[in-house]
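First listed ligand is number 1; within each ligand, the first listed atom is number 1. Computed from heavy atoms alone, side chains included, the values below leave out hydrogens, waters and symmetry copies. The first residue in the sequence is number 1, and the count goes up from there.
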Amino acid sequence: MKTAIIYHSFHHENTEKLVQSFLDGIDIIPAKKVGDINLAEYDLVGFASGIYGGRFAAEIDEVIKQHSPELKRVFLVYTSHSDNPKYGEKMKAMLQELDIKVVGIFSCRGYNTFGPFKLVGGTNKDRPDENDLREYREFMEGLVK
Ligand SMILES: Cc1cc2nc3c(=O)[nH]c(=O)nc-3n(C[C@H](O)[C@H](O)[C@H](O)COP(=O)(O)O)c2cc1C
């Protein structure tokens with residue numbers, strides 16, 4: 001199954017750490033470098049992002065906007081301060097409105113020093129951790145096998 005993960009991760013590279021921890025023939029592509037790659041060549045496309053202001057990165061929205069007719073089956077991966085399931089549900093609903101099938105969602109907490117949290121040394125220090133990476137691997141194995 002030809003799989004790509006398109007990601008945006010800038011705060012502490014938390015999301016990048018996750019997606020780089022399980023490669024297994026997957027094309028890992030920064031959202032800003034997707035350009036005119038034809039995503040229809042992939043059986044499965046993952047969108048991975050930190051959560052910024054309650055949403056996936058605008059860079060991910062832009063790829064979806066430009067490439068939605070090419071997307072068949074999609075999965076979502078995100079890291080955030082609160083690990084609120086609503087972030088994934090909101091993105092899933094948006095994709096479903098475009099007739100894109102969402103076949104899985106993985107999320108975990110990520111180290112966060114945004115805004116006032118910086119003053120207390122941040123939240124979720126050392127996340128994603130070994131346990132998160134193991135759960136992510138299990139999620140990915142379930143998807144691609
Ligand atoms: C500008 C900004 C806004 C954020 N907004 C939220 C938010 O609305 N909800 C939340 O749970 N975490 C929020 N966070 C925390 C990040 O989602 C979290 O640290 C994430 O793991 C960052 O991923 P990254 O290192 O891959 O960029 C925010 C972080 C930043 C920098």
Side-chain angles (χ1 to χ4, degrees), residues 1-37 39 41-68 70-98 100-144:
M1 180 148 34
K2 201 170 173 208
T3 304
I5 297 181
I6 293 159
Y7 75 96
H8 189 76
S9 176
F10 77 91
H11 186 39
H12 288 287
E13 285 81 38
N14 297 325
T15 315
E16 182 167 11
K17 182 176 170 187
L18 268 188
V19 300
Q20 295 289 0
S21 72
F22 183 86
L23 299 172
D24 202 26
I26 298 170
D27 290 346
I28 310 278
I29 311 168
K32 282 183 178 163
K33 295 205 171 153
V34 172
D36 56 8
I37 294 173
L39 299 179
E41 287 171 13
Y42 293 96
D43 304 298
L44 193 56
V45 174
F47 289 110
S49 177
I51 297 296
Y52 317 106
R55 301 177 53 86
F56 277 56
E59 286 79 356
I60 298 287
D61 288 340
E62 190 57 31
V63 173
I64 293 169
K65 196 168 126 195
Q66 300 295 334
H67 294 267
S68 60
E70 300 159 22
L71 297 167
K72 302 170 208 163
R73 298 168 73 235
V74 159
F75 63 96
L76 302 174
V77 174
Y78 63 94
T79 66
S80 67
H81 153 70
S82 60
D83 198 23
N84 190 329
K86 281 191 186 160
Y87 302 141
E89 286 160 14
K90 203 157 81 180
M91 186 55 137
K92 180 177 176 179
M94 199 267 275
L95 288 162
Q96 282 175 337
E97 270 179 32
L98 298 169
I100 298 165
K101 191 169 183 206
V102 177
V103 296
I105 302 179
F106 178 87
S107 70
C108 72
R109 291 182 190 269
Y111 180 43
N112 169 43
T113 53
F114 180 58
F117 295 116
K118 195 171 184 171
L119 304 173
V120 293
T123 58
N124 310 325
K125 201 154 178 5
D126 301 323
R127 302 285 297 272
D129 60 13
E130 283 307 308
N131 198 40
D132 297 318
L133 297 187
R134 182 179 49 75
E135 288 179 359
Y136 175 69
R137 191 178 63 241
E138 287 166 5
F139 168 80
M140 287 304 299
E141 284 171 351
L143 274 184
V144 300

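Counting atoms of ligand 1 from 1 in the listed order, those under 4.0 Å from a heavy atom of Gly110 are 19 (O), 21 (O). Residue Thr15 approaches ligand 1 through these ligand atoms, each under 4.0 Å from one of its heavy atoms: 23 (O), 24 (P), 26 (O). Set against the non-hydrogen atoms of Gly54, the atoms of ligand 1 under 4.0 Å away are 7 (C), 8 (O). Of all the atoms in ligand 1, the ones that sit under 4.0 Å from a non-hydrogen atom of Gly53 are 3 (C), 4 (C), 5 (N), 6 (C), 8 (O).
Between Glu138 and Arg134 a salt bridge is recorded (basic side-chain N to carboxylate O distance below 4.0 Å). Taking 4.0 Å as the cut-off between side-chain N and carboxylate O, Asp61 and Arg55 count as a salt-bridged pair.
Residue-to-ligand polar distances place Thr79 within reach of ligand 1: an N/O pair is separated by less than 3.5 Å. Between Phe114 and ligand 1, a contact under 3.5 Å exists for no N or O pair. Taking only nitrogen or oxygen atoms, main chain and side chain alike, Glu16 does not reach within less than 3.5 Å of ligand 1.
Note that OH of Tyr52 is 11.5 Å distant from CZ of Phe114, once rounded to the nearest 0.5 Å.
Here the rule is side-chain hydrogen bond (donor to acceptor under 3.5 Å, both in side chains) with Thr123, and of Arg109, His81, Lys118 only His81 fits it. Here the rule is side-chain contact (heavy atoms from CB on, under 4.5 Å) with Ile6, and of Ile37, Leu39, Val19 only Leu39 fits it.
No part of Arg109 comes within 4.0 Å of ligand 1, judged by heavy-atom distances.
Between Tyr136 and Phe106, the ring-plane angle classifies as perpendicular under the 30° and 60° cut-offs.
What sits closest to atom 17 (O) of ligand 1 on the protein, heavy atoms only, is Ile51 O, 2.5 Å. Closest to atom 15 (C) of ligand 1, if we only count protein heavy atoms, is Asn112 OD1, 3.4 Å. Here the heavy atom of the protein found nearest to atom 27 (O) of ligand 1 is Tyr52 OH, 2.5 Å. Atom 19 (O) of ligand 1 has its closest protein heavy atom at Tyr111 O, 2.8 Å. Among protein heavy atoms, the minimum distance from atom 18 (C) of ligand 1 is reached at Ser80 CA, 3.8 Å.
Within the structure, ligand 1 has Tyr87 among the residues with a heavy atom less than 4.0 angstrom away.
In this structure, Tyr78 has its ring center under 6.0 Å from that of Phe56.
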Does the side-chain contact (heavy atoms from CB on, under 4.5 Å) test come out yes or no for Val45 and Glu70, once each step is laid out?
-> CA-CA 10 Å; Val45 174; Glu70 300 159 22; over 6 Å; no

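Thr79 and Thr15 share a side-chain donor-acceptor pair at under 3.5 Å.
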